[in-house]
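These figures come from a predicted structure and were not determined experimentally. Just follow the structure's listing: the first ligand is 1, and inside any ligand the first atom is 1.
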Amino acid sequence: MSTTTGRRRFMTRSVKAAIAAWMAVLARGAADPASGFFGLFGKKKEGLQPGPDGSLKLNLKDEPYRDILEPGGAIKLSVQGHKRPLIIIRTAEQGVVALSSMCTHMGCEVDLPAEGYIDCPCHDSHFDLSGKAQSGPAKEPLQRFPSTVDIKENVVTISGLIGD
Ligand code: FES
């Protein structure tokens, strides 16, 4: 076999493998639009569905939200239409902050707060609990959503959830 023929066979095999991989990604996207090729660019279908007015109500007595029943707690919450979960922080008895966990540098998912800061594991940006960038390459604040807490009913309401 000549070198040219060998190279041509190698190229043909490589192209076939690339086409097969691409077809697998497309097929996965067709079966589940939230994954595969379309999932890379489409809106996320997993998580809680906001109401028609773009708001969510969380009953803090329900198991997934108990960590924000008391000040100092924080949770992550997947919401449909958002590529990254929200971070809900109970900052005070009557205070709650809802932020996107999508880092404003290059879109990585930031961590839950620790010691008063929210860190991005990708390039070490730090945000304060209001979402304001403090250090690192991210200069813009994390996206913040209006939120209130009804301490009588133990309900947190987050609004403006129109997707990112
Ligand atoms: S993506 Fe967060 S610091 Fe780069």
Side-chain angles (χ1 to χ4, degrees), residues 17-18 20-51 53-60 62-149 155-164:
W22 185 242
M23 295 300 283
V25 168
L26 288 176
R28 206 173 68 206
D32 175 10
S35 67
F37 174 77
F38 298 106
L40 294 176
F41 304 101
K43 298 285 187 187
K44 197 171 179 182
K45 299 270 188 231
E46 297 159 19
L48 297 177
Q49 166 82 61
D53 62 349
S55 74
L56 270 177
K57 286 189 183 302
L58 312 177
N59 184 339
L60 303 184
D62 290 347
E63 178 56 35
Y65 316 125
R66 287 213 182 122
D67 282 352
I68 53 171
L69 190 55
E70 302 294 332
I75 59 170
K76 282 189 176 178
L77 191 69
S78 288
V79 176
Q80 289 188 20
H82 294 259
K83 295 181 190 112
R84 301 273 186 235
L86 302 191
I87 294 180
I88 318 298
I89 308 164
R90 186 73 183 267
T91 53
E93 179 77 11
Q94 305 225 22
V96 66
V97 171
L99 303 167
S100 169
S101 67
M102 185 167 4
C103 181
T104 53
H105 177 227
M106 292 180 73
C108 286
E109 183 176 327
V110 299
D111 297 330
L112 279 171
E115 297 174 17
Y117 287 95
I118 299 168
D119 298 333
C120 179
C122 289
H123 313 100
D124 214 22
S125 282
H126 303 279
F127 303 86
D128 68 17
L129 297 187
S130 72
K132 191 174 172 202
Q134 297 293 304
S135 61
K139 302 297 176 219
E140 298 300 318
L142 298 172
Q143 185 180 10
R144 186 167 172 168
F145 300 93
S147 53
T148 57
V149 59
V155 169
V156 162
T157 302
I158 306 161
S159 50
L161 298 170
I162 50 171
D164 51 20

Option from [options] for which side-chain contact (heavy atoms from CB on, under 4.5 Å) with [X] holds:
X    : options         : value
F127 : D119, T104, L99 : T104
M102 : K83, H82, E109  : K83
F145 : V97, L86, I162  : L86

Shell of protein N/O/S atoms around atom 2 (Fe) of ligand 1, taken as anything under 2.8 Å: C103 SG, C120 SG
Full working for disulfide bond (SG atoms under 2.5 Å apart) between C120 and C103: CA-CA 7 Å; C120 179; C103 181; 3.7 Å; no
Atom pair CG (L56) and CG (L58), whose distance is rounded to the nearest 0.5 Å: 6.0 Å
Quick one: pull up OG in S135 and NE2 in H126 and give me the separation to the nearest 0.5 Å. 4.0 Å
